[in-house]
Amino acid sequence: MAKFELKLPKMGESVAEATITNWLKKVGETIAADEAVLEIATDKVDSEVPSEVSGTLTEILFQVNDVVKVGQTIAIIETEGGSASVESSVVTSSAVEMPVVAEVEKTIEVAKEIVAPADFSSSDKFFSPLVKNIAKEEGISVAELETISGSGKDGRVTKEDILSYIKNRGSQPTQAAQPQVSTPVAQPTVVATQPSSQAVPVSVNGGDEIVEMDRMRKLISGYMVASVQTSAHVQSFIEVDVTNIVKWRDKVKTAFEKREGEKLTFTPIFMEAVAKALKDFPGMNISVDGDFIIKRKNINLGMAAALPNGNLIVPVIKNADQLNLVGMAKAVNDLGNRAKAGKLKPDDTQGGTYTVTNVGTFGSVFGTPIINQPQVGILALGAIRKVPAVIETPEGDFIGIRQKMFLSHSYDHRVVDGALGGSFVKRVADYLEAWDINREI
């Protein structure tokens, strides 16, 4: 028997710790290689931690709700024959014959490859050490490995997936290499699905019930209260005529979906305008740390999204100002779809420098959103409505039906004055109203 230390894996550049939310295995239960052992949460994203080896769970070092740092040992797994451990007392014994020592050393080298496989850092996807080792032994490149459809958590490739791929590799190379777009049945569909075991139904007047907040709602509650207590919130509102945008989208959306395989919503159009305005007014693309102002180099747009369970999450479009409208549409759809399906990674919600929230989705005309700390501004997009409006022409003014919406800009008055806050949202409006109805995409 040998012991293997299961450690909390690295989950992203900016993620240093995670909270244990649920143990999927109990002490004494057997674990297969690449099988999920526990569930963890980082801020708003839940994930699973798989085992790198097969064996029996002998010790759990942390309990539910404990905060664990990346690299810390969280459990001990006892393996058969020591093939998954780099430790062996046989090697240090003076009574062992040389052939046996050589065989043990060979076993240790194989084990090292399993525990510390080849570097797959060029890939954005997560692959367990076991899957990486199988890929290395079978000569499967990183690019080829990324095409395999995974049935694990977040579409992760499991041992069964890669072995099945290898089995069918020779007979169906084309079919196996095609990325799958369907969602595996086994994947969860909601972020933070843990039911609250602390919910206590009570009858105060014959019908009341007290339900404890889930973990995510507690986090959101804490963030919102802290933001209001930290920033001096002030708002600016502006009405925008988006008639040309509505007409243009109606004209191109069918051809766009047929060509790109993506739906063209209004969100990427608004995001493009916000990114342009942030380049014009970098004073809005900052954050506050105590008495210091941090001027952000990159423009990373957060897009607040409501989840099916009623909670809120803010995935981030990195370097949004460098994307064209097609790239912005793909980024918006990808993050939105993965947010709804509970497939966001920890890095997907990190590094935002400015946030946009679409309150118009629920029919709201405008809103006063709370700033996403440590940012200094957040823009709310109101519902687009047909309204009567005065239209100015060289021949005179007349009343017509126009498509209009409100932009609501909340900003931190500690560091953003009304001139900057108002000028920024006006610039966003200018970009939207100047939309070219003949624009090519």
Side-chain angles (χ1 to χ4, degrees), residues 2-12 15 17-42 45-62 64 66 68-80 83-86 111-121 123-137 140 142 145-146 148-166 184-188 191-194 341-347:
K3 292 184 177 181
F4 174 81
E5 295 183 352
L6 179 63
K7 300 179 183 294
L8 182 67
K10 184 177 180 181
M11 296 161 289
V15 181
E17 61 185 23
T19 302
I20 296 176
T21 57
N22 184 35
W23 282 97
L24 303 175
K25 293 290 183 178
K26 298 178 181 179
V27 172
E29 291 186 344
T30 58
I31 302 171
D34 212 36
E35 184 179 6
V37 180
L38 69 155
E39 295 176 342
I40 58 172
T42 62
V45 178
D46 290 1
S47 185
E48 292 178 345
V49 176
S51 172
E52 301 171 16
V53 298
S54 298
T56 302
L57 183 61
T58 59
E59 190 174 356
I60 291 177
L61 303 180
F62 292 93
V64 172
D66 285 348
V68 185
K69 295 187 179 299
V70 170
Q72 275 190 294
T73 301
I74 50 182
I76 303 297
I77 299 173
E78 196 170 74
T79 62
E80 293 288 343
S83 60
S85 175
V86 296
K112 287 181 177 179
E113 290 185 0
I114 296 176
V115 177
D119 183 17
F120 279 69
S121 59
S123 175
D124 293 331
K125 293 186 176 181
F126 171 80
F127 298 107
S128 70
L130 180 61
V131 170
K132 292 177 184 178
N133 190 63
I134 294 174
K136 178 181 176 183
E137 292 296 328
I140 298 175
V142 177
L145 187 59
E146 289 181 330
I148 301 176
S149 178
S151 60
K153 173 79 172 179
D154 297 336
R156 178 166 47 81
V157 177
T158 65
K159 178 182 68 174
E160 290 73 20
D161 295 329
I162 192 171
L163 291 178
S164 176
Y165 173 79
I166 293 169
V185 177
Q187 294 184 22
V191 174
T193 57
Q194 290 303 308
K343 298 179 184 178
L344 289 175
K345 301 176 182 177
D347 263 359

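The analysis underlying the following values was restricted to heavy atoms, covering all of them including side chains, and did not include hydrogens, waters or symmetry mates. Quick note: residue numbers are just sequence positions, from 1.
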- Task: Of all the heavy-atom pairs spanning Leu6 and Pro50, show the shortest one and how long it is.
- Result: CD1-O, 3.6 Å
- Item | Any donor-acceptor N or O pair under 3.5 Å, side chains Asp161, Ser164 | no
- Item | Criterion side-chain contact (heavy atoms from CB on, under 4.5 Å) on Val37 and Trp23, from CA distance to verdict | CA-CA 6 Å; Val37 180; Trp23 282 97; 3.8 Å; yes
- Query: Who are the side chain to side chain contact (heavy atoms under 4.5 Å, CB included) partners of Ala18, not counting sequence neighbours?
  - Reply: Leu8, Met11, Ile40, Thr42
- Nearest heavy atoms of Gly28 and Thr56, plus distance in Å: O-CG2, 3.6 Å
- Message: To the closest 0.5 Å, what do you measure between CD (Glu35) and CD (Glu48)?
- Response: 10.0 Å
- Query: Checking side-chain contact (heavy atoms from CB on, under 4.5 Å) for the pair Ile74/Leu61: CA distance, chi angles, key distance, verdict?
  - Reply: CA-CA 5 Å; Ile74 50 182; Leu61 303 180; 5.6 Å; no
- Query: Between Glu5 and Thr73, what is the shortest heavy-atom contact and its length?
  - Reply: OE1-OG1, 3.2 Å
- Apply the test side-chain contact (heavy atoms from CB on, under 4.5 Å) to residues Leu145 and Ile162: give CA-CA distance (whole Å), side-chain angles for both, the deciding distance (0.1 Å), then the verdict. CA-CA 8 Å; Leu145 187 59; Ile162 192 171; 3.8 Å; yes
- Message: Restricting to non-hydrogen atoms, name the atom on Leu57 and the atom on Ile76 that form the minimum distance, rounded to 0.1 Å.
- Response: CD1-O, 3.6 Å
- Message: Do the side chains of Lys3 and Glu59 get close enough for a salt bridge, i.e. N-O under 4.0 angstrom?
- Response: no
- Thr79 side chain to Gly55 main-chain N or O, any donor-acceptor pair under 3.5 Å? no
- Residues at least two apart in sequence or cross-chain that pass side chain to side chain contact (heavy atoms under 4.5 Å, CB included) with Val27, listed by chain then number, are Ile60
- Message: Donor-acceptor pair, distance only, cut-off 3.5 Å: does the side chain of Ser54 make one with the backbone of Ala33?
- Response: yes
- Report the distance from atom OG1 of Thr21 to atom CG of Leu38, rounding to the nearest 0.5 Å. 7.5 Å
- In terms of heavy-atom contacts, Ile31 and Ser51 come closest through CG2-CB, 3.5 Å
- Message: Apply side-chain contact (heavy atoms from CB on, under 4.5 Å) to residues Ile166 and Ile140 and explain how you reach the verdict.
- Response: CA-CA 9 Å; Ile166 293 169; Ile140 298 175; 3.8 Å; yes
